[in-house]
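Taking it in order: structure first as structure tokens, then the write-up.
A note on names: the letters A, B, ... follow the listed sequences, proteins ahead of strands, and every chain is numbered from 1.
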Amino acid sequence: MIKIRKKRVCQFCEQNIDFIDFKDDRMLRRFMTEQGKILPKHTTGTCAKHQRQLSNAIKKARHLAILPFVTDFSR
Amino acid sequence: MAIYESIVILDSLLTPKDIDNVVDRLSVIIQERGGVIRKIDKWGKKRLAYEIEKKQYGFYISIEFEGDGNIPHVLESDYNYSDNVLRYLTYRFDKYKIRAMQNAAEQAKAPAAAVPAAEAVVALKPETNAVTQESQE
Ligand SMILES: [Zn+2]
């Protein structure tokens, strides 16, 4: 996964996205590390409101095994 | 009355007939308690992101319904009782989801302006994510 280090503008605000869908795993993965951790908002530029929605969406997706909790590459 | 969606991961070893039976049983539970089924969606067999009960695959089904808050509780006790259910999630549509759904319905209606029944459009509208983010890479 490529970390997005551009201008610190919230991508969801920019594209007028109101609802973050937990079923869209490809989109959610762009806000996670390779290990499956949620990227902090100062890395992605996501605003507080959307970061909260995003992390809730990722947690729902994890519960339904759409996204991993952790991906350990060390073994 | 609120709109809920219940997503269930079933054992992928079930036969299609078994899965239909589960869907029918859940539909009956919802309807018996005054709920209205809006949409039933079989996502199909998917690889799980991590093993659940030593299983790598699961069969996902989603039921969208309208009803009172008692129905999720009844469904939950049914899920807990059933051995075939690996995982479930029932959630209530919040204001964002409802707005996204209405926008999607409106966008679907705009090109095909000939459809007068707005409710029918909402009911038949397939789940489209209002997320189109490809330009960032
Ligand atoms: Zn934002």
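- With rounding to the nearest 0.5 angstrom, the CZ atom of A:Phe19 is 10.5 Å from the CD1 atom of B:Ile98.
- Between the side chain of A:His63 and the backbone N or O of B:Arg87, no donor-acceptor pair lies under 3.5 Å.
- Under a cut-off of 6.0 angstrom, the local environment of CG in B:Asn80 is crowded, with over 12 non-hydrogen atoms contributed by other residues, nucleotides or ligands.
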#### Entry: Pair A:Lys23-B:Ile7, side-chain contact (heavy atoms from CB on, under 4.5 Å): steps then yes or no
CA-CA 11 Å; A:Lys23 294 167 195 168; B:Ile7 301 166; 4.0 Å; yes
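- Under the 4.5 Å side-chain heavy-atom criterion for grouping Ile, Leu, Val, Met, Phe, Trp and Tyr, B:Ile30 is not connected to B:Tyr91 through any hydrophobic cluster.
- Contacts with chain B were tallied for A:Pro68, A:Ala65, A:Gly36; A:Ala65 has the most, counting heavy-atom pairs under 4.5 Å.
- With rounding to the nearest 0.5 angstrom, the OH atom of B:Tyr96 is 10.5 Å from the CG atom of A:Asn56.
- Counting heavy atoms of neighbouring residues, nucleotides and ligands inside a 6.0 Å radius, atom NZ of A:Lys41 does not exceed 12 of them.
- When the candidates A:Asn16, A:Thr71, A:Asp18, A:Val70 are compared by the number of heavy-atom contacts under 4.5 Å with chain B, A:Asp18 comes out ahead.
- For the atom pair CG (B:Leu89) and CZ (A:Arg62), the distance works out to 14.5 Å, reported to the nearest 0.5 Å.
- Looking at B:Leu48, the atoms closer than 4.5 Å to chain A (heavy atoms on both sides) sit in the backbone and in the side chain alike.
- The neighbour count for B:Arg92 CZ, taken as heavy atoms of other residues, nucleotides or ligands under 6.0 Å away, does not exceed 12.
- Between atom CG of residue A:Leu64 and atom OH of residue B:Tyr60 there is a gap of 6.0 Å, rounded to the nearest 0.5 Å.
- Hydrophobic cluster membership differs between B:Tyr79 and B:Leu86, with clusters built from Ile, Leu, Val, Met, Phe, Trp and Tyr side chains linked at under 4.5 angstrom.
- Connection of B:Leu75 to B:Ile9 is not established within any shared hydrophobic cluster, with ILVMFWY side chains joined at heavy-atom distances below 4.5 Å, either directly or through further cluster members.
- Annotation for B:Lys55: atom NZ counts as buried by contact number, over 12 foreign heavy atoms lying within 6.0 Å.
- Contact of A:Leu67 with chain B is made through the backbone alone, with heavy-atom distances under 4.5 Å.
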